[in-house]
Protein chains: 2
Amino acid sequence: MTRRPTMRDVANAAGVSLMTVSRVVSGEPRVAPETIAKVEKAVRELGYQRDDIARNLRTKDRTSATIGLVLDDLANPFFATMARAVEDEARRRGYLVLVGSTNDELERERDMVSAFCAHHVDGLIVVPTAGSHTFLRARMKSGTKVVCVDRPAKGLDVDTVTVDNQEAAFRAVTQLLDHGHTRIAFLGDQHDIWTQQERFAGYLRALASRGIAKEPDLIRHGLRAKTDAHTAVLSVMGLPAPPTALFTSNDLITTGVVEGLGQLRQAGQPGTGSVALIGFDDVALADQLQPPLTVVSQDPAAIGTTAANLLFARIAGDESPPRSVVLLTRVVTRGSGELRPVAEDAAPRP
Amino acid sequence: MTRRPTMRDVANAAGVSLMTVSRVVSGEPRVAPETIAKVEKAVRELGYQRDDIARNLRTKDRTSATIGLVLDDLANPFFATMARAVEDEARRRGYLVLVGSTNDELERERDMVSAFCAHHVDGLIVVPTAGSHTFLRARMKSGTKVVCVDRPAKGLDVDTVTVDNQEAAFRAVTQLLDHGHTRIAFLGDQHDIWTQQERFAGYLRALASRGIAKEPDLIRHGLRAKTDAHTAVLSVMGLPAPPTALFTSNDLITTGVVEGLGQLRQAGQPGTGSVALIGFDDVALADQLQPPLTVVSQDPAAIGTTAANLLFARIAGDESPPRSVVLLTRVVTRGSGELRPVAEDAAPRP
DNA sequence: ATGAAAGCGCTAACAA
DNA sequence: TTGTTAGCGCTTTCAT
């Protein structure tokens with residue numbers, strides 16, 4: 001292991017000044033062709049590569065050509081797809097991407113933002129956790145651009161990319177109502193997450209629009225893992241008056257619920273074969289399930305691309321007022337959301 | 001937008017020298033308690049944060065506390081899960097992670113490694129593309145540690161984490177043979193990828209062990225996208241003598257094939273309901289399919305964790321000879337791999 | 001316990 | 001066209 005060569009080394013090897021090497025390496029125009037050749041030869045022989053860290057220190061605008069991506073969980077397909085889209089936009093512009101998962105913990109988010117800023121990221125794309133985000137103001141004041149994605153950040157007025165969560169949930173639940181369901185369960189993630197609140201609000205609004213009162217037994221929040229959802233569906237389906245339809249508020253929960261229903265069906269529990277289901281977020285193989293899964297589909301790649309474009313516009317100097325972009329979702333009708341309630345599932349007569 | 005405060009600013013505000021601020025910020029022991037208090041007050045008031053980039057420049061060992069993760073595609077659940085595991089190990093040690101997808105293109109990989117090294121990463125975890133990786137030697141000579149994961153790098157002797165691809169494929173195909181299949185199709189990704197070669201070798205070895213000759217019609221390489229797999233399965237099932245079993249060599253292909261089979265079944269094509277299938281890589285909802293999907297399952301999180309541990313050991317100074325860790329896979333038997341060939345699918349009698 | 005000087009690898013600004 | 005000087009924000013080394 002040898003010491004990494006510096007410009008000084010290249011300059012000595014090529015018999016020119018350090019400054020000339022700098023010019024050649026940076027591709028500046030006013031250098032004699034023969035000099036360029038000499039320097040490039042030395043660069044090749046020594047395996048020299050410019051130190052971007054040092055360059056960044058001296059350079060006027062202190063632009064590091066790096067952005068930070070702070071999201072909930074990189075292992076979640078939704079965020080992974082979004083991350084890939086962000087990464088592609090970054091590469092197009094010669095930017096590198098630092099990435100980190102917060103697990104929806106505010107403290108982890110703060111630490112991560114702190115570390116990213118210490119490494120001089122030019123901008124941040126953040127999936128904000130629940131809680132106040134005023135701490136980001138200081139970062140923005142010192143020049144770091146910020147874009148929020150999937151959720152707005154509390155207490156912060158910045159560019160934000162979200163989808164029409166509440167409206168989409170309203171449409172999904174309305175579709176269940178249209179097929180004759182009145183006992184519709186809501187199975188959701190932690191309720192302090194903004195998207196969950198919105199989707200739940202859409203659920204309630206749909207029920208209210210038909211004059212149906214919400215029933216606490218049919219509402220479960222805080223399902224973090226697939227197994228939580230699995231347990232929850234067994235629980236609601238075991239109620240004296242079980243729901244005839246389910247609305248699941250993200251992909252993980254949907255997956256857990258499908259597994260739970262599969263287990264009940266196999267155990268021969270009556271009625272579980274015909275319970276209707278609409279999930280938020282599309283999932284792989286949804287159309288191969290029995291019945292095929294109806295979902296509210298959002299486009300994670302488009303969300304990532306949009307956020308990245310907003311961020312790079314800011315980095316390029318855009319000073320216009322913060323924008324809020326709401327992308328549209330669509331209900332993908334495949335079958336599970338169009339099942340009608342069967343007699344044995346109906347609520348007991350008065 | 002204000003200029004970011006420096007140590008000099010803090011020193012002026014606290015009425016001490018720059019050096020004292022440096023000591024306080026770095027948590028050095030020999031500073032008077034009152035001085036610490038003064039400095040910390042100034043730090044808080046100015047919102048000062050140490051510039052890790054500058055620090056890194058002067059610091060003796062030039063350790064950036066950053067690693068680079070170079071993988072095939074971050075949107076692929078397999079790599080996303082691996083990435084999350086790497087990220088967790090990095091955070092535990094106070095390291096940041098730069099990430100990038102190569103799309104299996106050597107040039108993109110070279111550019112990315114180059115950019116990561118220019119940003120002074122202490123180490124790289126690389127899913128190497130096909131092609132010679134001797135270019136990594138220069139990086140390693142100048143101190144960057146490298147660990148390969150999922151595949152070995154051609155021409156490079158470094159720590160590598162893989163799974164028992166060939167043996168696993170052999171076992172999977174043998175299981176199909178044990179259930180009476182003789183016409184088994186192989187549906188694979190680009191054949192220049194090492195894992196694909198290994199899995200194909202396992203397939204061939206299993207056939208050979210029963211004296212079954214390989215049949216070119218039943219072998220399809222180069223399926224990059226889900227749609228390729230979809231098309232390919234329609235094609236093989238449309239052969240005059242279609243296969244009675246399929247071996248799919250990664251998660252994407254498996255998904256595409258399941259969709260293709262679903263389409264055929266719906267179209268009422270005879271025999272497609274009973275075609276056996278074993279896929280490499282587990283997929284979500286596999287047990288909810290009809291029939292439930294038998295797969296070769298590997299543990300992407302364990303792979304990522306293992307690779308990260310190897311890398312950080314190297315960064316910590318481990319100089320022992322390169323290690324090659326082979327993690328084990330297991331066949332998860334769920335049903336689709338245990339179907340027996342039915343009469344109408346059998347090859348025509350001579 | 002604190003400070004002054006030097007310099008990490010590079011570029012900005014000026015000079016030749 | 002090329003070179004010289006200064007200095008980015010910090011840590012190292014040495015002095016006090």
Side-chain angles (χ1 to χ4, degrees), chain A residues 2-40 42-43 46-65 115 117-122 142-143, chain B residues 2-40 42-43 46-65 115 117-122 142-143:
Chain A
T2 12
R3 185 180 58 84
R4 177 175 170 146
T6 72
M7 272 192 182
R8 164 116 275 129
D9 300 326
V10 177
N12 290 151
V16 296
S17 85
L18 184 157
M19 200 50 225
T20 303
V21 177
S22 171
R23 284 196 254 262
V24 172
V25 168
S26 301
E28 272 184 44
R30 292 152 198 297
V31 186
E34 321 136 26
T35 316
I36 295 186
K38 269 196 298 186
V39 171
E40 285 182 339
V43 164
L46 297 179
Y48 171 77
Q49 191 188 24
R50 183 170 65 188
D51 184 336
D52 277 6
I53 297 275
R55 169 194 167 81
N56 178 236
L57 183 60
R58 189 63 178 93
T59 216
K60 240 301 148 347
D61 52 353
R62 299 274 341 241
T63 174
S64 64
C117 287
H119 279 240
H120 264 266
V121 292
D122 296 335
S142 56
Chain B
T2 12
R3 185 178 60 84
R4 175 176 172 146
T6 73
M7 272 194 182
R8 164 115 275 129
D9 299 326
V10 177
N12 290 148
V16 296
S17 85
L18 184 155
M19 200 47 228
T20 303
V21 178
S22 172
R23 283 196 254 262
V24 172
V25 169
S26 301
E28 274 185 44
R30 292 151 200 296
V31 186
E34 319 136 30
T35 315
I36 295 186
K38 269 195 299 187
V39 171
E40 285 183 338
V43 164
L46 296 179
Y48 170 76
Q49 193 189 23
R50 183 171 64 188
D51 184 334
D52 278 7
I53 298 275
R55 169 195 167 80
N56 180 237
L57 182 59
R58 189 62 177 90
T59 217
K60 243 295 145 1
D61 52 354
R62 296 270 349 234
T63 172
S64 64
C117 287
H119 279 240
H120 264 268
V121 292
D122 297 335
S142 57

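So you know, we letter chains A, B, ... as the sequences are listed, proteins then strands, and number each from 1. Note that this is a predicted model, so its numbers are computed, not measured.
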According to the salt bridge (charged side-chain N to carboxylate O under 4.0 Å, His left out) rule, which pairs have a member within residues 7-30 of chain A, sequence neighbours left out?
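Every pair satisfying salt bridge (charged side-chain N to carboxylate O under 4.0 Å, His left out) with a residue in residues 7-30 of chain A: A:Arg3-A:Asp9.
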Atom pair [atom1] ([X]) and [atom2] ([Y]), whose distance is rounded to the nearest 0.5 Å:
X: A:Ser17; Y: A:Asn12; atom1: OG; atom2: CG; result: 10.5 Å
X: B:Ser26; Y: B:Arg50; atom1: OG; atom2: CZ; result: 4.5 Å
X: B:Thr59; Y: B:Asp52; atom1: OG1; atom2: CG; result: 10.0 Å

Verify the distance criterion only: is there a donor paired with an acceptor across the side chains of B:Thr63 and B:Asp122 at less than 3.5 Å?
yes
Less than 4.5 Å apart, side chain to side chain, heavy atoms only: is that true for B:Ser142 and A:Gln49?
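Side-chain contact under 4.5 Å: no.
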Which angle, rounded to 10°, do you find between the first-five-pair axis and the last-five-pair axis of the helix from C:dA1-D:dT16 to C:dA16-D:dT1?
40°
Between B:Thr6 and B:Tyr48, what is the shortest heavy-atom contact and its length?
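Closest heavy-atom pair between B:Thr6 and B:Tyr48: C-CE1, 3.6 Å.
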Reading nucleotides 9-16 of chain C 5' to 3', which nucleotides get B (base under 4.0 Å from a protein heavy atom), which S (sugar-phosphate only), which -?
BBBB----
